[in-house]
Amino acid sequence: MKVEEQSFGIIPLKQEKGVWQLLLILHQGGRHWAFPKGHGNPGETAVESAKRELKEETGLDVEKLLQEDPLTERYQFYRKNEVVVKTVQYFPALVSGTLKLQAEEIRDAKWVLLKE
């Protein structure tokens, strides 16, 4: 059986002392570092969903979207006896606030240099 899913996320960026950094998170059940993302709620736009997920998972706020058109990633994986085809729309954005991880979903987070 094949299932289609869609998620929305922010590519969190900040600049400190002229050096650009981006935030990566590690979900509780995940084995890879990624950007904050999640499913949309009924009535939300893609950007609203992405901003909400960023706030819920990291405590950070979007200061400014760096582009209106999202970067889209599409991949598939297996969950139980299903093939899940997932599409994720990411919005690069400048973020601010104090990092506060959502313990139920996020295991760890780290700021990395953009050039890395």
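We use all heavy atoms of the structure for the numbers below, so side chains are in, but hydrogens, waters and symmetry mates are not.
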Check: Between atom CG of Asn41 and atom CD of Glu53, what is the distance when rounded to the nearest 0.5 Å?
Finding: 7.5 Å
Note to self: Within the structure provided, determine whether Glu57 and His27 are in side-chain contact (heavy-atom separation under 4.5 Å).
What the structure shows: yes
Check: Any idea which heavy atoms bring Lys37 and Ser7 closest together, and the distance?
Finding: CD-CB, 4.3 Å
Margin query: Would you say Ile106 ends up clustered with Val88 if hydrophobic residues are merged whenever their side chains have heavy atoms under 4.5 Å apart, either directly or through other cluster members?
Written below: no
Next item on the list: Identify the two heavy atoms, one from Ala46 and one from Gln89, that lie closest to each other, and give their separation to 0.1 Å.
Entry: CB-OE1, 3.5 Å
Next item on the list: Could you tell me whether Glu68 atom CD has more than 12 heavy atoms of other residues or ligands within 6.0 Å of it?
Entry: no
Checklist line | N/O donor-acceptor pair under 3.5 Å between Gln102 side chain and Glu104 backbone | finding: no
Notebook entry, point to check: Are Val112 and Leu13 connected, step by step, through hydrophobic side chains (Ile, Leu, Val, Met, Phe, Trp, Tyr) whose heavy atoms are closer than 4.5 Å?
Noted result: yes
Next item on the list: Find out whether Trp20 and Leu113 are in side-chain contact, i.e. whether some heavy atom of one side chain is under 4.5 Å from a heavy atom of the other.
Entry: no
Notebook entry, point to check: Are any non-hydrogen side-chain atoms of Pro12 and Leu54 less than 4.5 angstrom apart?
Noted result: yes
Checklist line | Same apolar cluster (I L V M F W Y, side chains within < 4.5 Å links), Leu66/Leu71 | finding: yes
Item checked: Shortest non-hydrogen contact between Ala50 and Ile10, atoms and distance -> O-CG1, 3.5 Å
Note to self: Please determine whether the number of non-hydrogen atoms from other residues, nucleotides or ligands lying under 6.0 Å from atom CZ of Phe77 exceeds 12.
What the structure shows: yes
Check: Distance from Phe8 atom CZ to Glu48 atom CD, nearest 0.5 Å?
Finding: 11.0 Å
Check: Any idea which heavy atoms bring Gln28 and Ala103 closest together, and the distance?
Finding: NE2-O, 2.8 Å
Check: Could you state the interatomic distance from NE2 (His32) to CG (Leu24), rounded to the nearest 0.5 Å?
Finding: 10.0 Å
Next item on the list: First locate atom NE2 of His39, then atom NZ of Lys86, and finally report the distance between them rounded to the nearest 0.5 Å.
Entry: 4.0 Å
Checklist line | For the student: nearest non-hydrogen atoms of Glu44 and Ser49, plus distance | finding: OE1-OG, 2.7 Å
Margin query: So Leu23 and Leu99, do their side chains get closer than 4.5 Å, heavy atoms only?
Written below: yes
Next item on the list: Using the rule that two of Ile, Leu, Val, Met, Phe, Trp, Tyr join whenever any of their side-chain heavy atoms come within less than 4.5 Å, decide whether Phe91 and Leu60 are in one cluster.
Entry: yes
Next item on the list: Evaluate the side-chain proximity of Lys110 to Trp33: yes if any heavy-atom separation is below 4.5 Å, no if none is.
Entry: yes
Notebook entry, point to check: How many angstroms lie between atom CE of Met1 and atom NZ of Lys80, to the nearest 0.5 angstrom?
Noted result: 13.0 Å
Notebook entry, point to check: Would Phe35 end up clustered with Leu65 when hydrophobic side chains under 4.5 Å apart are linked, directly or stepwise?
Noted result: no
Next item on the list: First locate atom CD of Gln76, then atom OG1 of Thr87, and finally report the distance between them rounded to the nearest 0.5 Å.
Entry: 11.0 Å
Item checked: Carboxylate-amine/guanidinium contact Arg79 Glu5, below 4.0 Å -> yes
Check: So which heavy atom on Arg31 is nearest to which on Leu26, and how close?
Finding: C-CD1, 4.2 Å
